[in-house]
There are 2 protein chains.
Amino acid sequence: MTEDIRRDEAPGETHSGDSTATSGRSSGKTGQIRARNKARIISAAEEVFAAKGYAGATTAEIATRAGLPKANVHYYFSTKEAIYRAVIDNILDLWLEPFQRITEDDDPAEALAIYIRTKVMLSRDKPLASRIYANEIIRGAPILADYLGTDLREWVAEKSEVLRKWADKGLMDPVEPAHLLFLIWASTQHYADFQAQAKAVLHHRDLTEEDFETAVQTITRVVLKGCGVKTG
Amino acid sequence: MTEDIRRDEAPGETHSGDSTATSGRSSGKTGQIRARNKARIISAAEEVFAAKGYAGATTAEIATRAGLPKANVHYYFSTKEAIYRAVIDNILDLWLEPFQRITEDDDPAEALAIYIRTKVMLSRDKPLASRIYANEIIRGAPILADYLGTDLREWVAEKSEVLRKWADKGLMDPVEPAHLLFLIWASTQHYADFQAQAKAVLHHRDLTEEDFETAVQTITRVVLKGCGVKTG
DNA sequence: AAAAAAGTTGACCATATGGTCAGAATTTGA
DNA sequence: TCAAATTCTGACCATATGGTCAACTTTTTT
């Protein structure tokens, strides 16, 4: 799917790829421990990075949350940065997948509505991933600079073309495509990144299913009507 | 304006308030050095906190950027947290001011347009402040939790009322007010917080005056039309 | 079953960092 | 001008943190 960002990873790494997927080897036995532990570490790291930022995260805390001794964590990932890269790498696939499904032949109203819904639900289901990504970009994208300028850039160019064609066909207003995408990204990811604020402002409680539903409705409505998308 | 967040600040603090403003004492002589140095430190701290996050910022770097020895920084601010609080405190006034100017008697189209423009220009002129704020919220608002649940919450409630009244008068559609505000905040602050991404995607260069202008146009257009705001 | 490979871990280390302090220098007020 | 108040600063310290390592255990392969 997305190009790997990974560089160094472990000392005795056999670099056999991501164990999962590939061929028919029903239940990959070899590297099972490896896969399980790496997954645990990455999951634990996600929590810590999301809550404390890159610098604030400590390998010790990651180890504790993963239920492993620190030295064991370093057996799988030689440096903190390697853990971080693995986490980020994990996030990227998640990020572009829903984006991919928009094509020229789709119905704008439906495609945009689905995209917005998917993004909001991603904020609901993977808030940590969203926050880590946000943090990375805010810091100036030290790790993702390359990705932003290549992969993401191309995706945006492609999808901008789609939006332009829709406008040409008279299916919607000619809105500046990249900026429209920014608006959608920002307003949907807001529910993950600024969850603390949304919670405090709305009702002091965790966001409910209903909150997310209202978010979807509101954003969809404003965007579709705002871009003059023909419905029906 | 906004309630002070500050707690501890310095060792020999005479706690005379913020030197500026207050009464007529033309050119406050006493505390001049103090004011100047504190301002320098806060300004330097803004850069460092914005780029590295709270944990990643070091007092040493803040000192260097402020052009002062580290010990001197600690003369004015006893702890790193105290510096951070001062920085955040500084940002809050900036944040709510443009928000305040929206009242029931305003013309919705004009008021919203001005608000959106002001917020985008704030992203342009004070990107560091925006990033620090974003970082604070992403981390779960350890310092601002109280502010979010009181001041901000009230502001949102008030402005939501304004939006509702506008809808009642038939000046716009009845859009869920809080969520609409979220959409505006998110999409305008995006240009500061995700500047690295916007740069990479748009043209690999620093955002230009034109980019910000296009952002204003696009957001304003989508929001106004999307909420069915009557123009004229 | 024995050798090889992979995984585990406590103890350890160098460095970075937030913060202290005592004494020197400067500014202020009378 | 002189004492009090304020500001300045190099040297110092305790702690936290990323990372290493050598010995040990478990799993896999032959």
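These figures come from a predicted structure and were not determined experimentally. Note on naming: letters A, B, ... go to the chains in the order of the sequence lines (proteins, then strands), and numbering restarts at 1 for each one.
- The B:Thr79 side chain lies nearest to C:dG19 when the options are C:dG19, C:dT8, C:dT27.
- B:Asn72 has no side-chain polar atom (N or O) that falls below the 4.0 Å cut-off from OP1 or OP2 of D:dG10.
- Each of C:dT20, C:dG18, C:dT8 was ranked by its minimum atom distance to the side chain of A:Tyr76; first place goes to C:dT8.
- A donor and an acceptor atom never sit less than 3.5 Å apart when one is taken from the side chain of B:Lys80 and the other from the base of C:dG19.
- The 5' end of DNA chain D is approached more closely, in terms of each residue's nearest nucleotide, by B:Asn37 than by the other of B:Lys70 and B:Asn37.
- Remark: P of D:dT17 and CD1 of A:Ile62 are 12 Å apart, rounded to the nearest angstrom.
- In this structure, the CD1 atom of A:Ile41 is 14 Å from the P atom of D:dG19, given to the nearest Å.
- Distances shorter than 4.0 Å separate some side-chain N or O of B:Arg34 from OP1 or OP2 on D:dT7.
- Remark: C1' of D:dT7 and CZ of B:Arg36 are 11 Å apart, rounded to the nearest angstrom.
- For B:Tyr75, the listed nucleotide lying nearest its side chain is D:dT6; candidates were C:dT20, C:dG10, D:dT6.
- Residue A:Thr59 has a polar side-chain atom (N or O) positioned under 4.0 Å from OP1 or OP2 of D:dG18.
- We find that A:Glu213 and A:Arg117 are joined by a salt bridge, their nearest charged nitrogen and carboxylate oxygen being less than 4.0 Å apart.
- When the nucleotides C:dG19, D:dG10, C:dT17 are ranked by their closest atom to the side chain of B:Pro69, D:dG10 comes out on top.
- Separating the CD atom of B:Gln32 from the P atom of C:dG29 is a distance of 11 Å, rounded to the nearest angstrom.
- Classified by interplanar angle (parallel below 30°, tilted 30° to 60°, perpendicular above 60°), the ring pair A:Tyr54/A:Phe49 is parallel.
- The residue A:Ala63 sits apart from the nucleic acid: no heavy atom pair falls under 4.0 Å.
- A:His179 has its ring centre no less than 6.0 Å from the ring centre of B:Phe212.
- The distance from atom CG of B:Leu68 to atom P of D:dG10 is 11 Å, rounded to the nearest whole Å.
- The side chain of A:Ala71 approaches D:dT20 more closely than any other nucleotide in the set D:dT20, D:dT9, C:dG7.
- Using a 4.5 Å heavy-atom cutoff, the side chains of B:Phe77 and B:Arg85 are not in contact.
- Taking atom CD of residue B:Glu81 and atom C1' of nucleotide C:dG19, one finds them 14 Å apart after rounding to whole Å.
- Rounded to whole Å, atom C1' of D:dT26 lies 7 Å from atom CD1 of A:Ile33.
- Here the P atom of nucleotide C:dT17 and the CZ atom of B:Phe77 are 21 Å apart, to the nearest Å.
- Between A:Lys159 and A:Glu154 no salt bridge is recorded (no basic side-chain N to carboxylate O distance below 4.0 Å).
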